[in-house]
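Here the structure comes first, spelled out in structure tokens, and everything after it is commentary.
The sequence lines fix the lettering, A, B, ..., with proteins before strands; numbering per chain opens at 1.
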Protein chains: 4
Amino acid sequence: MSIASRTNETKWDRRYKDALDAAAEAFAERGYLGSSTKDIADKLGIQQGSLYYYLPSKEQALAAICELGVQKFVARLGEILDSNGPSSEKLRAAIANHLMPLTMKPEGDYVRVFVHHRHQLPSGPRQAVAALARRYHNLIERLFAEAVRCGDFRSDLNPTLAAHAMLGLCNSVTGARTQPAGASIEAIIDEYADILTRGMNVDRAKTTNNKSQPASRR
Amino acid sequence: MSIASRTNETKWDRRYKDALDAAAEAFAERGYLGSSTKDIADKLGIQQGSLYYYLPSKEQALAAICELGVQKFVARLGEILDSNGPSSEKLRAAIANHLMPLTMKPEGDYVRVFVHHRHQLPSGPRQAVAALARRYHNLIERLFAEAVRCGDFRSDLNPTLAAHAMLGLCNSVTGARTQPAGASIEAIIDEYADILTRGMNVDRAKTTNNKSQPASRR
Amino acid sequence: MSIASRTNETKWDRRYKDALDAAAEAFAERGYLGSSTKDIADKLGIQQGSLYYYLPSKEQALAAICELGVQKFVARLGEILDSNGPSSEKLRAAIANHLMPLTMKPEGDYVRVFVHHRHQLPSGPRQAVAALARRYHNLIERLFAEAVRCGDFRSDLNPTLAAHAMLGLCNSVTGARTQPAGASIEAIIDEYADILTRGMNVDRAKTTNNKSQPASRR
Amino acid sequence: MSIASRTNETKWDRRYKDALDAAAEAFAERGYLGSSTKDIADKLGIQQGSLYYYLPSKEQALAAICELGVQKFVARLGEILDSNGPSSEKLRAAIANHLMPLTMKPEGDYVRVFVHHRHQLPSGPRQAVAALARRYHNLIERLFAEAVRCGDFRSDLNPTLAAHAMLGLCNSVTGARTQPAGASIEAIIDEYADILTRGMNVDRAKTTNNKSQPASRR
DNA sequence: TATGAATGAGCCTTCATTCAT
DNA sequence: GATGAATGAAGGCTCATTCAT
């Protein structure tokens, strides 16, 4: 008895996942409308017509990618919020949660497709996906609201706009065709987390790590 | 003598501009590939075939939009950089320069198309446009480099990544299909400028406006 | 009183002729279907729409070119047939009549259009033109028939096929995109007349010019 | 095992050939520009869009027809030149080689398309086809040059012009919309071969076969 | 399971023609 | 006499999708 059958994963299931991965890759590379079903089939090494044995339609593939692709995202973000630690640490973890998958296949493609192409869905599936996106946004927003409430972040910070800013900043990395010259994802995460927490102005408190600042200033 | 003839602007010139505006609007709404030439013609109130009296091709329209649409952008950014004042003010002005047009027709559409659809151009025109984009990016990067050099911004700020961050943050506003709930562009500009300069952490120096900070620290 | 008005040729008449010439040139260069009305208008230096002040339609222009263009042809061929002289001389004159105009503007274009594009006419005008063509063909055929009857040409020569051969040979010059390397039209006329009358075989009667043969044989 | 599989000819191969044949027929009947892809598809009994399962483009079909259609031609002409026999016989065989296919489907269409429409190819493929055409022309020219050298044909015959004449004469048959009234292709071949070799003038030597003439006159 | 063949709708573009001015 | 503006009908081509095998 093979592992596949033990886990109840049929060959079809495996190939379905492959097809979705291929579609995600194609969509990420050339856009949803710019990708033909032949592009996807080519990546899978099958004929165009055969694709329909796995995918009901190109549109449905997009929907599935958007839905499946971000669920883990949301789940992990929830864990981050539930954890303990200073808000700046949570923010940093949230940024990392958002950006780390970009370097991985196929996760990165799923994220990219979700971020850039979910709006091309017809209104039915779009709303389902939009709900997921809103949930994600709300989690981020809550992070900021709590950080303000507990005094970690400035009291004049608008949590809604802050959430937009953080997501926008992260999503911009997602769409980057030219990777910021030679910068690793880790470096980007560090820099962006620093910018969001400490800002760009010269630090009046001479410390590199803001976690220890409050203590040293009090 | 009509105004049109005084300014040497023929009817064709006016309608050409209209056609470009209509194309920009369509592209901004449905994407380049998602917009049919009929969509554009409908916005103009003419037949699809008549569009070609003004536009040589859909592709060429995209190229023209991208090129024309950002030239004023770059020019104004140059002026901002040449001005005097603290770096945080320059940054704020640069952000405003980037975001203010978004509220205007047709400027906003031109910006959106430039940001999101310039990559769909065939390599010829794409490179011309890419050069413009790089120039813009370099100006922003220089802003940060100089700010660091003159001590306005943290010495450990990476100007290249900072430029990516600032542009990414601004461009994310560009793509927002749902305007951040009830927030005016001006509010967004303020908040984003604050976030980038002061960060989110609680201010160790109790000032709301960083412009007055240097004074209070001297 | 100008010449134009004396001859009752209005400016319109002159421009109409110009338009036909331009159309003939365009058709000869790029074919009937390959020529746009803009091509014709460009040659005339007017706008596409203005063409219709002179030409009722592109199709009608083709018809007019075909009809007008060959009438002089037929007339001159009649004169040649009515003349006296040996048949080989008449044949030579007929060939010259057919080929000489090719070097001239706009006559050459009219001939080319008649030969190559008359079949694209819709059946109405086509038949009118076909009648002209048949008349021309019949004249040639009569030349051969008489030449055979009077003993100038071989008695086993089929006049119908001979007419086809002669016309085909001449018309092939008409369509030549590559002028036979450096050969003048006059040289071609000489060579082709020689080939048709004397053939290619070595001459049993040692004369280089068949014109002098009758004398030497009498 | 079917014949198809024995010869490794797939259904696609067969239908591709059919598509080319249909295109050749359409082009021969209505010209390249005058034939729509729908015309071709109709001949095949499929939908217009389905044509593209076999043909990459209308243009490419023209190129393929021109190239494939004449290769056998050239090959056979080479054999004729290599054979032994009097020049007039070779010429006759060359004429037959050129004209016989005209009566056959689809060969005749391929020839007609090659002769009349190869010039509508874009310069890339056109040059490839032009090379074939030049090769063919050169073979004919060589036939005449050798015939002159060995004394079979008149010493004052210009081989280049003679090749143009022979090809022009043959090609005119190709374009004939009205088959020379009731004349079989064989009759045309005979008559044209006679005209080219013996000419039209009365034969001073009363023999039908020119091979024996010199002997009988000496 | 997967393929080959075909469909049919839609898209971008061209172009002959019209007509008010 | 001529123009500029617009039309509407094709035309070539792509592509998501279907289905018998």
ask   = Salt bridge between K17(C) and D21(C), side-chain N to carboxylate O under 4.0 Å?
value = yes
Rounded to whole Å, please give me the gap between [atom1] in [X] and [atom2] in [N].
X	N	atom1	atom2	answer
Q60(C)	dA16(E)	CD	C1'	15 Å
R30(C)	dC15(E)	CZ	C1'	14 Å
Y53(B)	dA6(F)	OH	C1'	9 Å
L51(B)	dT14(E)	CG	C1'	13 Å
K11(D)	dT3(E)	NZ	C1'	12 Å
I46(C)	dG4(F)	CD1	P	11 Å
D42(B)	dC11(E)	CG	P	11 Å

ask   = Do E67(A) and V129(A) come close enough that some side-chain heavy atom pair is under 4.5 Å?
value = yes
ask   = Heavy-atom distance under 4.5 Å between the side chains of E25(C) and I40(C), does that happen here?
value = no
ask   = More than 12 non-hydrogen atoms from neighbouring residues, nucleotides or ligands closer than 6.0 Å to CZ on R126(A), yes or no?
value = yes
Neighbour count above 12 (heavy atom, 6.0 Å) for K38(C) NZ = no
key: Residue whose nearest DNA chain F nucleotide is more 5′ - R15(C) or G45(B)   = R15(C)
query = Does any residue of residues 19-29 of chain A have a heavy atom under 4.0 Å from DNA chain F, and if so, which ones, in number order?
reply = none
When you measure from the side chain of [X] to the backbone of [Y], do you find a donor-acceptor pair of N or O atoms at a distance under 3.5 Å?
X	Y	result
R118(D)	C66(D)	no
K58(D)	Y32(D)	yes
S35(C)	A26(C)	yes

request  = Using both pair distances under 3.5 Å as the test, note the stems of at least 3 consecutive Watson-Crick or G-U pairs that include DNA chain E.
outcome  = E:2-21 with F:2-21
task = Go through the steps to decide whether R30(D) and Q120(C) satisfy the test side-chain contact (heavy atoms from CB on, under 4.5 Å), and finish with yes or no.
result = CA-CA 8 Å; R30(D) 304 136 108 94; Q120(C) 320 219 22; over 6 Å; no
query = Taking atom types as modelled, is there a side-chain donor on D18(D) or Y54(D) under 3.5 Å from an acceptor on the other?
reply = no
ask   = How is W12(D) classified with respect to the nucleic acid when contacts are heavy atoms under 4.0 Å: base, sugar-phosphate, or nothing?
value = sugar-phosphate
request  = Could you walk me through whether K43(D) and D39(D) pass salt bridge (charged side-chain N to carboxylate O under 4.0 Å, His left out), step by step?
outcome  = CA-CA 6 Å; K43(D) 285 179 188 290; D39(D) 292 335; over 6 Å; no
remark   = Whether each nucleotide of nucleotides 8-21 of chain F has a protein heavy atom under 4.0 Å at its base (B), only at its sugar-phosphate (S) or at neither (-) is summarised, 5' to 3', as B---BBB-BBB---
